[in-house]
2 protein chains.
Amino acid sequence: MKPSGHSHSHDHAAEPLSDLTSRLRQKSRRITGPRQAILDLLRQHRHPMTNKEIHAALADGGCDLATIYRSMHLLTEMGMVKRFDFGDGVARFELVTCDEHAHHHHLICTCCAEVVEIDDCFAAELEARVAAAHGFKSVTHKLEFFGVCPECQHAGHSHEKRARKKPCGC
Amino acid sequence: MKPSGHSHSHDHAAEPLSDLTSRLRQKSRRITGPRQAILDLLRQHRHPMTNKEIHAALADGGCDLATIYRSMHLLTEMGMVKRFDFGDGVARFELVTCDEHAHHHHLICTCCAEVVEIDDCFAAELEARVAAAHGFKSVTHKLEFFGVCPECQHAGHSHEKRARKKPCGC
DNA sequence: CTGGTTGCAAACAATTTGCAACCCA
DNA sequence: TGGGTTGCAAATTGTTTGCAACCAG
């Protein structure tokens, strides 16, 4: 596993870990290497990652893929990670931050799968309206945009055989 | 408080078939039994269905599951059907209607998986803004709401013990 | 006829689970 | 020490594909 060293700084980077510690303790869950490594990784990448990508990135002395799946379930349940579905049948995860960046959406290129973060959100009021109209509680929402990015618009029609699974069309 | 005033079960009943015919012909594709049956079924259920559910519903003299997968790909490609991901790793499909009902979203109970249709949409302008801001073209969006329905609120407290696969827990 | 379609089975891919060894609190 | 965790492998489940038989145009 990655050498822990001294990571007691107070910058944003350190938050997830201390947060993890306290939250895990509340549930009599343990702070393990894999869990720390996964959060570390998610903190570095700002884009959503699939479990396979996480597994690959943790390759050096990394943990088992099954452990990653189990960890993502746990972290999602604890609200430290958020799951996204871009329509290709593969789950993607992002760290839930505490800053203004916390809630955001994505703009995904249906051609090259590029992902752009969209901080703009406006659905909060809608959530309230929807909840009231149907008597639901704890209403949240997921909103993603899909389109063709500038590069793909110019990149002619190179028949790059992208699997049907990828958020791709060309 | 916006009760779904009227039932939208028959008004646009006949459209899909004729629409299918013309659209398929344009692509030198054939009008087959399975395809008609699937559209018929989707026209009756106004809620999104999984391929497995479609397969089960077509049980009597129905078609192969593989055929359903293939058909859904085709129909999605032709814009006659829309795919939804509710976060449980299973694709769901709905018929694309031509009326005001065409574009809508869902409110899914994270407890019992009940699905409520939300006609209200307001993201159109956002699409334009997002597209312009990032140079994307043909931008669309997917928006789903999640919460706890009235019944589940009363049926005891199930914290966040959300099931893995099904958007269900109780 | 004839190329698009289907059924069936096998292949794939994403995700889950049983279990013994292992490790943090 | 003990119960939560992990790795490994096997099992599940969702989805795709190869191929011969089949059918709509």
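Labels below follow one simple rule: chain letters A, B, ... track the order of the sequence lines, proteins then strands, and each chain is numbered from 1.
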Are any side-chain N or O atoms of A:Thr50 and backbone N or O atoms of A:Ala91, one a donor and one an acceptor, separated by less than 3.5 Å? no
Set of side-chain contact (heavy atoms from CB on, under 4.5 Å) partners for A:Arg46, sequence neighbours left out: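 Testing A:Arg46 for side-chain contact (heavy atoms from CB on, under 4.5 Å), a comparison that skips the adjacent residues, returns A:His101.
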List for me each residue that meets side-chain contact (heavy atoms from CB on, under 4.5 Å) alongside B:Ser71, sequence neighbours excluded, and say none if there are none. B:Arg35, B:Ile38, B:Thr67
By nearest-heavy-atom nucleotide on DNA chain D, the more 5' of B:Ala91 and A:Thr67 is A:Thr67
With heavy-atom distances below 4.5 Å as the criterion, would you say the side chains of [X] and [Y] are in contact?
X: A:Val90; Y: A:Lys52; result: no
X: A:Cys63; Y: A:Ile68; result: yes
X: B:Asn51; Y: B:Phe93; result: yes

Which whole-number value in Å describes the distance from [X] [atom1] to [N] [atom2]?
X: B:Arg92; N: D:dT13; atom1: CZ; atom2: C1'; answer: 14 Å
X: B:Ile54; N: D:dG14; atom1: CD1; atom2: P; answer: 14 Å
X: B:Gln36; N: C:dT6; atom1: CD; atom2: C1'; answer: 15 Å
X: B:Asp85; N: C:dA14; atom1: CG; atom2: P; answer: 15 Å
X: B:Leu65; N: D:dT16; atom1: CG; atom2: P; answer: 10 Å
X: A:Asp64; N: C:dA21; atom1: CG; atom2: C1'; answer: 14 Å
X: A:His55; N: D:dC8; atom1: NE2; atom2: C1'; answer: 11 Å
X: A:Leu75; N: D:dT5; atom1: CG; atom2: C1'; answer: 13 Å

End-to-end axis angle, where each axis spans five pairs of the helix from C:dC1-D:dG25 to C:dA14-D:dT12, to 10°: 30°
Table please: side-chain donor-acceptor pairs of residues 134-146 of chain B below 3.5 Å, with sequence neighbours left out.
residue	atom	partner	partner atom	Å
B:His141	ND1	B:Glu127	OE2	2.5
B:His141	NE2	B:His103	NE2	3.2
B:His141	NE2	B:His105	NE2	3.4
B:Lys142	NZ	B:Arg83	O	3.0
B:Glu144	OE1	B:His106	N	3.0
B:Glu144	OE1	B:His106	ND1	3.0

Would you please say whether a donor-acceptor pair under 3.5 Å links the side chains of B:His104 and B:Glu94?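 The criterion, which ignores hydrogens and geometry beyond distance, is satisfied for B:Glu94 and B:His104.
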Taking only side-chain nitrogens and oxygens of [X], does any of them come within less than 4.0 Å of OP1 or OP2 of [N]?
X: A:Tyr69; N: C:dT16; result: no
X: A:His73; N: C:dT15; result: no
X: B:Lys52; N: D:dG14; result: yes

In 5'-to-3' order, the base (B), backbone-only (S) or no-contact (-) status of each nucleotide in nucleotides 18-25 of chain D, using a 4.0 angstrom heavy-atom cut-off, is B-----BS
For B:His47, side chain to side chain donor-acceptor pair (under 3.5 Å) partners two or more places apart: B:Glu117
